[in-house]
Amino acid sequence: MADQGRYSMSVGNMGQQELDLLECLVRIDRGQALDPRADDLLTRLIEGGLVDSADGVLALTMAGIERCQSLMHRMAGDREAAKVLASRGIAIASRA
């Protein structure tokens, strides 16, 4: 009977933190300037091995590239799920 609740977790869209992370990773990959509010996140990305800051130039590490791709796939999956739900007439709750 314990197995009954095994698949009962909720599935939701990407949260704001994941979107912020994706934005930072994409901007770093494109060589674009980061929002000054992202300084703490950038520090964590460097400490976590997702970003390299050699010679003051930011670049994604292999782990950073993988994380960025994963988040992009997640975003695409969320979009596809929204289309399926919309085709079934199911409204999606918007984020506040």
Side-chain angles (χ1 to χ4, degrees):
M1 289 296 170
D3 209 31
Q4 186 175 10
R6 184 172 168 196
Y7 299 106
S8 63
M9 69 179 186
S10 63
V11 176
N13 289 334
M14 287 177 65
Q16 189 61 50
Q17 289 180 339
E18 290 173 309
L19 291 172
D20 292 344
L21 172 59
L22 177 58
E23 180 183 349
C24 283
L25 293 174
V26 168
R27 284 178 175 263
I28 291 168
D29 188 48
R30 293 181 178 171
Q32 297 174 341
L34 295 178
D35 187 305
R37 296 173 292 177
D39 287 343
D40 290 338
L41 177 56
L42 178 59
T43 299
R44 292 192 310 269
L45 291 173
I46 293 169
E47 289 172 356
L50 299 177
V51 173
D52 184 29
S53 65
D55 300 324
V57 177
L58 299 176
L60 297 181
T61 63
M62 287 305 294
I65 293 169
E66 290 293 327
R67 184 69 173 134
C68 188
Q69 289 175 339
S70 173
L71 289 168
M72 291 174 136
H73 287 294
R74 171 81 190 274
M75 183 180 286
D78 286 353
R79 268 188 248 139
E80 288 303 312
K83 289 178 188 176
V84 169
L85 291 174
S87 73
R88 295 178 182 172
I90 300 171
I92 301 170
S94 63
R95 284 183 225 136

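Along the sequence shown, residues carry numbers from 1.
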S.K.: Ion pair present between R44 and D40, side-chain N to carboxylate O less than 4.0 angstrom?
M.R.: no
S.K.: Contact between S70 and R67 at the side-chain level, heavy atoms closer than 4.5 Å - yes or no?
M.R.: yes
S.K.: Keeping the roles fixed (side chain from E18, backbone from G15), state whether a donor-acceptor pair exists under 3.5 Å.
M.R.: yes
S.K.: Of the non-hydrogen atoms in V26 and C68, which two are nearest, and what is the gap between them?
M.R.: CG2-SG, 3.9 Å
S.K.: Distance check, rounded to the nearest 0.5 Å: R37 atom CZ versus D39 atom CG?
M.R.: 11.0 Å
S.K.: Listed by chain and number, what are the side chain to side chain contact (heavy atoms under 4.5 Å, CB included) partners of I46, not counting sequence neighbours?
M.R.: L42, V51, S53, L58
S.K.: With side chains defined as the heavy atoms from C-beta onward, is the minimum distance between L19 and M75 less than 4.5 Å?
M.R.: yes
S.K.: Just wondering, do R74 and L22 contact through their side chains at under 4.5 Å, heavy atoms?
M.R.: no
S.K.: Looking at L41 and C24, what are the two nearest heavy atoms and their distance?
M.R.: CD2-SG, 3.4 Å
S.K.: Checking D55 side chain against V57 main chain: does a donor-acceptor pair fall under 3.5 Å?
M.R.: no
S.K.: How about L21 and L45: do any of their side-chain heavy atoms sit closer than 4.5 Å?
M.R.: yes
